[in-house]
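One structure is given below, encoded as C-alpha cells.
Source: prediction; values computed, not measured. For reference, positions follow the sequence shown, starting with 1.
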Amino acid sequence: MANDVRITISGDAQDAQRKIEDVQKSLGGLEKSTSGIGAAFERNRAKIGLAMTGAGAAITGFAALAVKSAFEEQQGIARLDQALQRVGESYKGNQAAIEGVIKAQQKKTNFGDGPQRQALESLVTLTGDYQTSLNALPVVLDVATSLNMDLNSAALLVGKALSGNTAMLTRYGIQ
C-alpha cells in the first residue's frame, strides 16, 4: 500500500525572474572587477614564481632541520640507554622518571633535553649509579650556570665529586 504525497509550490514568477536578473548583474560586475587581478598576476608571474620557490626552499630547509633534530635526539637516547644498561637499568624502564626531571629542569633553565640527557649519560658512566645520577642532574645544571661552563663539563665535575674525587671542586672554589 503506497502513500501519495503531493506538494504544491506557488509563487510570483515575475519576482523570481527579477531576483535571478539581480544575481546575474552582480556576477557580471564581479567578473569585471576581477579581470584586473588576472592581468596583475600575468605581469608578476615571475616574481610570484620566485616567491613560491623561496617559500618551498624554506619549508624544505625547516623539514631537513626537524629530521636532523629528531635523529640527533634518537642518538642521544640510544647513548643514554647504553650507559644505563651498563649499570643494570634501561632508558625504556626509566623513561618517565628521566623525562620528568628533564622537563622540570627545562622550565627552570636554558638547557635543552638533549644536553641534559648527555649530562645524565656522563653522570651514570662516572658514578655507576642511575638514581644518584638522576638526583644529581639539577645540581649539574646549577653548577654549569653558576660557573658559566658547558653542561658536559659540569657533569664531569659533579660526577667525579660523586665518585669521591673532590679535588676538582676546590679548583673552582667549591668547598
Side-chain angles (χ1 to χ4, degrees), residues 30 34 37-38 40-175:
L30 181 61
T34 58
I37 294 173
F41 177 78
E42 288 302 319
R43 285 192 307 272
N44 293 304
R45 181 183 292 242
K47 291 179 184 174
I48 292 170
L50 286 173
M52 296 300 285
T53 301
I59 290 169
T60 302
F62 179 74
L65 286 175
V67 168
K68 181 182 178 197
S69 177
F71 180 70
E72 288 173 351
E73 181 173 346
Q74 289 303 315
Q75 285 181 320
I77 289 171
R79 285 190 305 271
L80 176 57
D81 187 46
Q82 288 174 352
L84 289 168
Q85 287 179 11
R86 286 191 293 269
V87 296
E89 298 287 342
S90 72
Y91 176 79
K92 187 176 181 181
N94 296 291
Q95 182 176 357
I98 292 168
E99 295 303 323
V101 170
I102 288 173
K103 185 176 181 179
Q105 294 305 306
Q106 274 186 299
K107 289 179 181 179
K108 298 177 190 176
T109 68
N110 292 327
F111 296 109
D113 55 351
Q116 287 190 62
R117 283 189 202 101
Q118 184 179 5
L120 183 59
E121 174 193 348
S122 295
L123 287 171
V124 169
T125 301
L126 288 168
T127 66
D129 186 333
Y130 156 71
Q131 195 59 54
T132 299
S133 299
L134 188 62
N135 292 341
L137 186 59
V139 175
V140 170
L141 302 178
D142 290 342
V143 168
T145 301
S146 63
L147 296 179
N148 197 26
M149 65 173 39
D150 67 280
L151 199 53
N152 196 45
S153 297
L156 293 173
L157 184 66
V158 172
K160 287 179 181 181
L162 289 171
S163 298
N165 184 356
T166 58
M168 293 291 291
L169 292 176
T170 57
R171 292 182 190 168
Y172 289 97
I174 299 172
Q175 297 299 320

Next item on the list: Write down the atom of Val124, the atom of Ala83, and the distance for their closest heavy-atom approach.
Entry: CG1-O, 3.5 Å
Could you grab the distance from atom [atom1] of [X] to atom [atom2] of [Y], nearest 0.5 Å is fine?
| X | Y | atom1 | atom2 | value |
| --- | --- | --- | --- | --- |
| Asp81 | Asn94 | CG | CG | 9.5 Å |
| Leu84 | Ile98 | CG | CD1 | 5.0 Å |
| Phe111 | Leu141 | CZ | CG | 6.0 Å |
| Leu151 | Gln118 | CG | CD | 8.0 Å |
| Thr132 | Leu123 | OG1 | CG | 10.0 Å |

For residues 159-170, which side-chain N or O atoms pair as donor and acceptor with protein atoms under 3.5 Å away, sequence neighbours left out?
from, atom 1, to, atom 2, distance (Å)
Ser163, OG, Leu126, O, 2.9
Ser163, OG, Gly159, O, 3.0
Asn165, OD1, Ala167, N, 3.4
Thr170, OG1, Ala167, O, 2.7

Notebook entry, point to check: Residues in side chain to side chain contact (heavy atoms under 4.5 Å, CB included) with Gln82, at least two apart?
Noted result: Arg86
Next item on the list: State which residues pass side chain to side chain contact (heavy atoms under 4.5 Å, CB included) with Ala97; sequence neighbours excluded, sorted by chain then number.
Entry: Tyr130, Leu134
Checklist line | Partners passing side chain to side chain donor-acceptor pair (under 3.5 Å) against Gln105 (at least two apart in sequence or in another chain) | finding: none
Note to self: Restricting to side chain to side chain donor-acceptor pair (under 3.5 Å), what partner residues turn up for Thr125, sequence neighbours left out?
What the structure shows: none
Note to self: Between Asn135 and Gln131 (side chain of the first, backbone of the second, donor and acceptor by atom type, cut-off under 3.5 Å), is there such a pair?
What the structure shows: yes
Check: Could you give all pairs that pass the salt bridge (charged side-chain N to carboxylate O under 4.0 Å, His left out) test and reach residues 96-111, with sequence neighbours left out?
Finding: Glu99-Arg117
Margin query: Checking Arg79 now: which residues fulfil salt bridge (Lys or Arg N to Asp or Glu O under 4.0 Å) with it, not counting sequence neighbours?
Written below: Glu121
Next item on the list: Please lay out, stage by stage, how Leu120 and Val101 fare under the test side-chain contact (heavy atoms from CB on, under 4.5 Å).
Entry: CA-CA 11 Å; Leu120 183 59; Val101 170; over 6 Å; no
Next item on the list: Using the side-chain hydrogen bond (donor to acceptor under 3.5 Å, both in side chains) rule, collect all pairs that involve residues 136-154, keeping only residues at least two apart or in two chains.
Entry: Ser122-Asn152, Asp150-Ser153
